[in-house]
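Letters go in sequence order (proteins before strands), and every chain restarts at 1.
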Amino acid sequence: MKITLKDGSVIEYAAPKRAIDIAADISPGLARNAMAAIVNGEDRDLRFLIEDDAELELVQFDSAAGAHAFHHSSAHLLAQAVQHLYPGVKFAIGPAIDNGFYYDFEFAEPIGLEDLEKIEAEMRRIVKQDIPIERYTLSRSEALQWAKDNDETYKIELISALPEDETISFYKQGDFTDLCAGPHLMSTGQIKAIKLTSLAGAYWRGDEKNKMLTRIYGTSFPKKSDLDQYLELLEEAKKRDHRKLGREMQLFAFMDEGPGFPFFLPKGMVLKNTLMDYWRQVHKRYEYQEVSTPIMLSQKLWENSGHWEHYRENMYISQIDGEDFAIKPMNCPGSMLIFKSEQHSYRDLPLRMAEVGLVHRHEKSGVLHGLMRVRAFNQDDAHIFMTLDQIADEVEQVVHLIDEVYRHFNFKYHVELSTRPEDSMGSDEEWDRATTALSNVLDKLEIPYIINEGDGAFYGPKIDFHLEDSIGRTWQCGTIQLDFQMPRRFELEYIGADGERHLPIVIHRVAFGSIERFIGILIEHYAGKFPFWLAPVQVKILSVSQAVEDYALDVLSELKTNGIRAEIDVRDEKIGFKVRQAQMEKVPYSLIVGQKEAETGTVSVRVLDQGEAGSLSLTELLDKLHAENSRGNS
RNA sequence: GCCGAAGUGGCUCAGUGGUAGAGCAAUUCACUCGUAAUGAAUAGGUCGUGAGUUCAAUCCUCACCUUCGGCUCCA
């Protein structure tokens with residue numbers, strides 16, 4: 001048989017051979033570092049016996065498939081350790097996830113964080129023993145018998161859900177056996193670096209009606225140094241936490257009196273307004289009109305829009321003069337009413353109506369998270385009313401706009417296409433048409449995307465933009481949603497070239513998504529060190545001694561007159577102390593002024609994280625700052 | 001909402017069944033200073049809220065509120 005490797009080379013064997021043995025033939029290092037095999041495109045064990053001509057890829061930890069096998073075996077290792085320490089525990093599921101693994105257990109007695117260390121120690125002990133991992137298969141009925149014999153209620157349920165004729169694979173390492181599709185490592189000895197990271201409750205099968213199990217999260221690496229590097233990344237993320245920086249930099253706050261409702265402090269407001277100035281410039285250039293619609297509207301409107309039926313549990317309800325009203329969770333119905341308030345010609349279309357609207361949504365208390373998940377937020381919303389044949393051009397233009405905005409902040413991003421959810425309105429035919437329209441645009445622009453089955457809005461499919469921040473985390477921000485339903489429900493119309501009434505199509509779209517969340521992401525992306533144009537305080541003037549206070553104040557007023565956001569520190573403190581404080585406040589430029597500067601009409605410039613940058617005259621300084629500020633223009 | 005953890009001066013955190021401390025910050029004073037912490041003094045807390053146990057509760061018990069880590073959900 002012929003084995004074709006990834007690099008195109010071919011090895012021939014007279015008899016069937018296991019993937020691991022082929023790896024050993026290629027090099028001992030590969031045999032040692034390989035985690036799994038991909039045979040003819042399918043994920044397999046290294047112990048998989050290749051019997052015919054095949055394409056073979058041997059994957060190591062640096063590939064997704066290799067890491068997956070490694071983490072998956074780590075999950076089994078965790079389960080084995082738990083079995084040793086807590087006899088009688090019941091096992092649910094234990095998959096690999098990004099950056100690690102978890103396993104769900106049903107413990108007889110609750111365990112605490114201090115137990116994790118014990119479990120970790122037991123895991124290390126099993127690793128030292130270097131126990132071989134073996135694979136075998138059983139028929140469905142044999143597997144079921146195994147689960148019943150061991151009183152594994154969750155496994156019984158898992159096996160019962162499989163087809164009758166299914167052959168089920170098992171993995172056994174010493175005294176621990178688990179049913180599992182694999183692939184798995186050859187032996188426990190390969191898992192050199194382990195860290196159990198957290199303990200959490202999780203519902204069986206993710207359904208809140210089911211029993212709550214105990215989930216143990218962990219991460220693992222083939223090398224200790226890789227684990228350390230990962231733990232450092234977690235530390236870095238902690239330092240960047242927008243909740244911590246938001247408080248330290250006095251940007252926003254949360255109060256017990258309004259859980260999930262952010263308060264913006266003066267500096268946070270400067271940030272927000274600067275961001276919105278940029279946003280308005282972009283949208284003016286893309287020919288959007290801006291509107292504003294009420295926060296509270298009659299319940300009848302929400303019944304008409306479908307929100308009452310599909311979105312009610314997230315809405316805040318109130319009454320005015322005995323009539324039921326709801327606080328808007330979305331901006332669209334308001335915009336529909338504006339469109340409807342006038343007669344439109346096909347010549348008006350596409351009509352791009354933007355609204356930075358404040359929406360309120362009742363989120364469950366457990367999901368609130370700083371600015372990332374709040375109960376009141378501003379959406380940089382827009383509704384584009386258009387004809388059927390304008391769909392492609394308009395969607396394309398929105399894709400360009402979002403791309404431009406993300407690039408402005410140096411974000412990379414990827415795109416997902418979400419299709420019809422179960423709870424939705426409209427006909428299959430319209431959903432197909434809308435979904436195809438979106439995918440056609442992505443195909444035309446050659447933008448790769450993954451499909452998110454059943455994750456669309458209740459009124460239409462959507463393109464989601466997931467941006468990636470400076471330390472590699474992704475966040476969903478922009479979306480483009482195509483809607484045939486709302487225009488019909490609101491009986492929108494325009495007069496076509498033929499003089500007849502026609503139904504317009506609507507695009508709902510956001511670029512930032514939520515201004516609040518976007519600000520949270522920016523804080524973490526920049527670690528609080530905003531680019532000059534966006535920084536709430538751009539310049540801080542530090543006087544060396546009281547003798548130059550007057551000059552320092554002159555510099556301040558000159559900067560302010562020129563539209564620079566400047567602060568001054570003329571306290572009776574040493575210059576080193578003031579410099580330190582200004583750096584910790586993450587102000588982009590510190591201007592040190594002393595006797596020398598006062599006499600020559602200059603300032604000594606210090607750049608955040610870079611140090612001293614020489615002296616400039618006031619005119620030179622203003623030129624420089626104006627140039628920097630213009631980066632905030634679109 | 002559910003599981004687990006936490007809540008002590010503006011911030012970070014000690015601490016004890018006999019009504020509380022530290023560092024930073026703040027205020028005042030002295031120093032008048034050249035690029036990441038000058039020194040001293042002062043002030044500031046009914047220990048998240050409510051109830052219970054106790055001679056006595058910040059500490060033990062219960063309920064509630066908020067926050068944190070997850071689950072589910074999501075911009």
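Among the heavy atoms of the strands, none lies under 4.0 Å from A:V359. Contacts of A:F577 with the nucleic acid, taken as non-hydrogen atoms under 4.0 Å apart, involve only primed sugar atoms and P, OP1 or OP2. At a threshold of 4.0 angstrom between heavy atoms, the contacts of A:K244 with the nucleic acid are absent. Here A:I592 lies in heavy-atom contact (under 4.0 Å) with a base. Among the atoms of the strands shown, base atoms are found under 4.0 Å from some heavy atom of A:G594. Contact annotation for A:V510: no contact, since no heavy-atom pair falls under 4.0 Å across all strands. Among the protein residues, A:Q583 comes within range of the nucleic acid bases, having at least one heavy atom under 4.0 Å from a base atom. Using a 4.0 Å heavy-atom cutoff across all strands shown, A:L542 reaches no nucleic acid atom at all. Within 4.0 Å (heavy atoms only), A:E516 reaches no atom of the nucleic acid at all. A:E585 comes within 4.0 angstrom of nothing in the nucleic acid, heavy atoms only. Contact annotation for A:R361: base contact, defined as any heavy-atom pair under 4.0 Å involving a base atom. Backbone-only engagement by A:R215 is indicated by non-hydrogen atom pairs under 4.0 Å involving sugar-phosphate atoms exclusively. Within 4.0 Å (heavy atoms only), A:N314 reaches no atom of the nucleic acid at all.
A salt bridge links A:K462 with A:D464: the closest approach of a Lys/Arg side-chain nitrogen to an acidic carboxylate oxygen falls below 4.0 angstrom. With salt bridges taken as basic N to acidic carboxylate O contacts below 4.0 Å, one links A:E248 and A:K244. Salt bridge annotation for A:R473-A:E468: absent, with no cationic side-chain nitrogen under 4.0 angstrom from a carboxylate oxygen. A salt bridge links A:K540 to A:E585: at least one charged side-chain nitrogen sits closer than 4.0 Å to a carboxylate oxygen.
In this model, no donor atom of one side chain and acceptor atom of the other lie less than 3.5 Å apart for A:D104 and A:W204. With hydrogens and angles left out, the side-chain atoms of A:H508 and A:D483 include a donor and acceptor closer than 3.5 Å.
Distance noted for atom P between B:rG34 and B:rU67: 47 Å (whole Å). B:rA43 sits 34 Å from B:rA51 when the C1' atoms are compared, rounded to a whole Å. Nucleotides B:rC2 and B:rC73 have their C1' atoms positioned 13 Å apart, rounded to a whole Å. Rounded to the nearest Å, the gap between the C1' atom of B:rC62 and that of B:rG18 is 24 Å. When the P atom is compared between B:rG9 and B:rA14, the two are found 13 Å apart, to the nearest whole Å. To the nearest whole angstrom, the two P atoms, one in B:rA26 and one in B:rG10, are 14 Å apart. Atom name P, nucleotides B:rA5 and B:rC11: the rounded distance is 25 Å, in whole Å. Taking atom P in both B:rC13 and B:rG69, one finds a spacing of 14 Å when rounded to whole Å.
One atom, CZ of A:F105, and another, C1' of B:rC3, lie 16 Å apart when rounded to the nearest Å. Atom NZ of A:K578 is separated from atom P of B:rU35 by 13 Å (rounded to the nearest Å). Straight-line distance from the CD atom of A:E248 to the P atom of B:rC11: 12 Å, rounded to whole Å. Rounded to whole Å, the distance from CZ on A:F101 to C1' on B:rG70 is 16 Å. The interatomic distance linking A:R580 (CZ) with B:rA25 (C1') rounds to 12 Å, in whole Å. With rounding to whole Å, A:R571 atom CZ is found 14 Å from B:rC33 atom C1'. In this structure, A:M584 places its CE atom 10 Å from P of B:rA37, rounding to the nearest Å. Residue A:E573 contributes atom CD, which lies 8 Å from atom P of B:rA26 at whole-angstrom precision.
Figure legend. B:rA40 is base-paired to B:rU28; pairs are counted as Watson-Crick or G-U wobble with both atom distances under 3.5 Å. Under the Watson-Crick or G-U wobble criterion, with both distances below 3.5 Å, B:rG1 is paired with B:rC71. A 3.5 Å limit on both hydrogen-bonding distances identifies B:rG52 as the Watson-Crick or G-U partner of B:rC60. Across all strands shown, B:rG21 is found opposite B:rC13 as a Watson-Crick or G-U wobble partner, with both distances under 3.5 Å. Across all strands shown, B:rU35 has no partner, as no Watson-Crick or G-U wobble contact with both distances under 3.5 Å is found. When Watson-Crick and G-U wobble pairs are counted only if both distances are under 3.5 Å, B:rU66 pairs with B:rA6.
The ring of A:Y217 does not lie on top of the base of B:rG70; it is either too far (5.5 Å or more) or too tilted (30° or more).
Between A:S365 and B:rG1 there is a side-chain polar atom (N or O) within less than 4.0 angstrom of OP1 or OP2. Taking only side-chain nitrogens and oxygens, A:H369 never comes nearer than 4.0 Å to OP1 or OP2 of B:rC74. The phosphate of B:rG10 has neither OP1 nor OP2 within less than 4.0 Å of any side-chain N or O from A:R247. An OP1 or OP2 oxygen of B:rA75 is reached within less than 4.0 angstrom by a side-chain nitrogen or oxygen of A:K462. Applying the 4.0 Å criterion to OP1 and OP2 of B:rC68, one finds that A:R243 has a side-chain N or O inside that range.
Heavy-atom nearest nucleotides on RNA chain B were determined for A:D241 and for A:F377, and the one closer to the 5' end corresponds to A:D241. Position along RNA chain B of the nearest nucleotide to A:Y311 versus A:G366 favours A:G366 as the more 5'-ward residue.
Below 30°, between 30° and 60°, or above 60°: for A:Y406 and A:F411 the angle between ring planes is above 60°, a perpendicular geometry. Relative ring orientation between A:H310 and A:F458 is described as parallel, the plane-to-plane angle staying below 30° on a 0-90° scale split at 30° and 60°.
Side-chain atoms of A:E363 come within donor-acceptor range of the base of B:rA75, with a qualifying N/O pair under 3.5 Å. The base of B:rG1 sits with one of its N or O atoms less than 3.5 Å from a complementary donor or acceptor on the side chain of A:Y203.
Two rings, from A:Y288 and A:Y286, have their centers 6.0 Å or more apart.
Between B:rG34, B:rC33, B:rA75, one nucleotide has an atom nearer to the side chain of A:S604 than all others, and that is B:rG34. Of the candidate nucleotides B:rA75, B:rC73, B:rU32, B:rU32 has the atom nearest to the side chain of A:Q546.
Side-chain atoms of A:S470 come within 3.5 Å of backbone atoms of A:H525 as a donor-acceptor pair (strictly under, hydrogens ignored).
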